[in-house]
Amino acid sequence: MLPSLFNPSNDMALAANVRQYFPPQRIQQMESDLARLSRFWDEGPWGWSLATRQRYLRMGIPADQLPSDEWLAELRRLSSREFGVSYYDGICRTYKAYDTYGIIPCQARFCTSLDEVKLSIFNYKVSIIKSPWSSSGRGNIVVNDRPDDKTAARIERIIRQQGGIVVEPYYANKALDFAMEFWVEDGQCRFLGYSVFFADETGHYGGNCVESQEQLQQRIALPDDLLRSLVEHHRRELAQLNYRGPVGIDMMRLSDGRVHPCVEINFRMTMGLLALLLFDRGVRDDQLLAGRPDRGFAAAISQGRLILYQT
């Protein structure tokens, strides 16, 4: 059994794709301050990468107990937003009757040049631009009409470093962020439950509800048959992938009742899954989970929400 490890910088490590990765000092402090969160899941890291494998090797874990480089390369491909766009497009091919199901047609584009980005922005008017590998809203840019010189330089840098960038319409009428959490193993996919979370206009994480599945489904407020159909679709598709571990698919309900079925797809632990585990273990009352409230980063449950904050 592998020691549990809280390493939310793993998405940045996937982007770097090196064995020796050192996140920015602020992120290192967050991982150190919040390390005790890892006691809430059974084993393994928050996320896998070449750097995570190397970290376990330094702990003395034998190489044959760790994922191979080939498996990690496939995980990196799956974890890219380029794959997420193709996965979203596959959902839309399944749900062709958009008016019937309320599924938002896929308008996300993976762009490999600034000219492609500018064309997409022109088509969408207001856009959100996302790095292929990033998490919790880091690497997201909201652009109105056209990118200024500073933003254009940032976009070109991301394309140069990560091979491309994702552009999609910005949905100003978002009503709710939610997710479906799964576990994939040996060609099987198990639905673990729904999660409801809070994020700002660029996707920066703001907390998760720690509630029962019944309460969460009431918050989501979408037809049961649509939710069940999406769960089954994801179970079928995820079971076919060469992957073992947790998957969280972030979604969005708009104020007009339509649903974005794949805002993000995360092949790792998520705060939504952590919130489910906390509820199942009876950790619900206001309390500090990790860190110190007077210094650095901390995680707590407050008024029914799992929150992360910096003091």
Side-chain angles (χ1 to χ4, degrees), residues 1-12 23-48 52 55 59 135-138 175-183 190-200 202-221 245-253 264 266 268-311:
M1 180 177 291
L2 296 176
S4 298
L5 179 65
F6 180 64
N7 60 323
S9 65
N10 193 68
D11 293 285
M12 302 164 71
Q25 187 172 0
R26 178 173 170 271
I27 304 299
Q28 291 184 46
Q29 181 186 357
M30 181 181 73
E31 293 186 341
S32 176
D33 290 349
L34 303 183
R36 293 192 69 243
L37 286 177
S38 64
R39 73 189 188 276
F40 293 110
W41 57 91
D42 293 334
E43 63 170 306
W46 184 268
W48 280 106
T52 306
R55 190 167 172 178
M59 293 180 190
S135 66
S136 301
R138 291 186 293 271
L176 184 78
D177 290 302
F178 70 102
M180 293 178 179
E181 311 291 342
F182 300 87
W183 182 271
R190 180 164 54 98
F191 176 57
L192 302 178
Y194 302 103
S195 63
V196 171
F197 63 98
F198 306 92
D200 66 15
T202 59
H204 289 98
Y205 178 74
N208 262 90
C209 293
V210 182
E211 297 177 336
S212 70
Q213 285 296 296
E214 290 76 15
Q215 290 171 305
L216 294 173
Q217 199 162 348
Q218 287 176 3
R219 286 184 181 271
I220 294 169
V247 181
I249 301 181
D250 294 349
M251 306 181 187
M252 180 194 304
R253 173 171 58 79
E264 306 281 352
N266 299 299
R268 54 169 171 77
M269 274 288 297
T270 64
M271 297 303 292
L273 180 52
L274 178 57
L276 296 187
L277 294 173
L278 290 171
F279 184 87
D280 290 344
R281 297 184 183 194
V283 185
R284 303 171 196 173
D285 299 330
D286 289 4
Q287 60 181 283
L288 182 69
L289 302 174
R292 293 181 54 173
D294 60 335
R295 186 181 67 195
F297 292 86
I301 295 180
S302 177
Q303 299 180 341
R305 286 192 188 183
L306 168 63
I307 59 171
L308 305 181
Y309 59 93
Q310 183 179 11
T311 53

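Treat the numbers as computed from the prediction; the structure is a model and nothing was measured.
Summarising the geometry of Arg284 relative to Phe279, their closest heavy-atom pair is NH2-O, 3.1 Å, with the distance given to 0.1 Å. Summarising the geometry of Pro23 relative to Glu31, their closest heavy-atom pair is CG-OE1, 4.4 Å, with the distance given to 0.1 Å. When all heavy atoms of Trp46 and Met271 are compared, the closest pair comes out as CH2-SD, 3.5 Å. Closest heavy-atom contact between Gly248 and Thr270: CA-CG2, 4.2 Å. Here the shortest heavy-atom pairing between Pro246 and Trp183 reads CD-CZ3, 3.3 Å. Residue Met12 comes nearest to Pro24 through the heavy atom pair CE-CD, 3.4 Å, listed as atom of the first residue, atom of the second, then distance.
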Check step by step if side-chain contact (heavy atoms from CB on, under 4.5 Å) holds for Gln29 and Gln25.
CA-CA 6 Å; Gln29 181 186 357; Gln25 187 172 0; 5.8 Å; no
Mind running side-chain contact (heavy atoms from CB on, under 4.5 Å) on Asp250 and Asp177 for me, showing each step along the way?
CA-CA 7 Å; Asp250 294 349; Asp177 290 302; over 6 Å; no
Salt bridge (Lys or Arg N to Asp or Glu O under 4.0 Å) between Arg281 and Asp42, intermediate numbers included
CA-CA 12 Å; Arg281 297 184 183 194; Asp42 293 334; 3.6 Å; yes
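A donor-acceptor distance shorter than 3.5 angstrom exists from the side chain of Asn208 to the backbone of Val196, with no hydrogens or angles considered. Looking at Thr52, its side chain does come within 3.5 Å of a backbone N or O of Gly47 through a donor-acceptor pair. Judged by distance alone, the side chain of Asn10 and the main-chain N or O of Trp48 form a donor-acceptor pair under 3.5 Å. At distances below 3.5 Å, at least one donor-acceptor pair connects side-chain atoms of Arg253 with backbone N or O atoms of Arg219.
Distance CE/Met251 to CZ/Phe197: 10.0 Å, rounded to 0.5 Å. Going from atom CZ of Arg26 over to atom OG of Ser9 covers 12.5 Å, rounded to the nearest 0.5 Å. A distance of 9.0 Å separates CD in Gln310 from CG in Asp33, rounded to the nearest 0.5 Å.
Residues Met269 and Leu277 have side chains in contact (heavy-atom distance under 4.5 Å, counting atoms from C-beta outward). Side-chain contact between Val283 and Phe40 is present, with at least one heavy-atom pair separated by less than 4.5 Å. Residues Leu276 and Gln213 are in side-chain contact: their nearest non-hydrogen atoms beyond the backbone lie under 4.5 Å apart.
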Just list the side-chain donor-acceptor pairs under 3.5 Å for residues 286-300, sequence neighbours left out, or say none.
residue, atom, partner, partner atom, Å
Asp286, OD1, Gln303, N, 2.8
Arg292, NE, Asp294, OD1, 3.2
Arg292, NH2, Asp294, OD2, 3.0

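For CZ of Arg36, the number of neighbouring non-hydrogen atoms (other residues, nucleotides, ligands) closer than 6.0 Å is 12 at most. Counted within 6.0 Å of CD on Glu43, heavy atoms from surrounding residues, nucleotides or ligands total more than 12; the atom is thus considered enclosed. Within 6.0 Å of the CE atom in Met1, the count of heavy atoms belonging to other residues, nucleotides or ligands does not exceed 12.
Within the structure, the side-chain hydrogen bond (donor to acceptor under 3.5 Å, both in side chains) test picks out the following pairs touching residues 190-199 (sequence neighbours left out): Glu181-Ser195.
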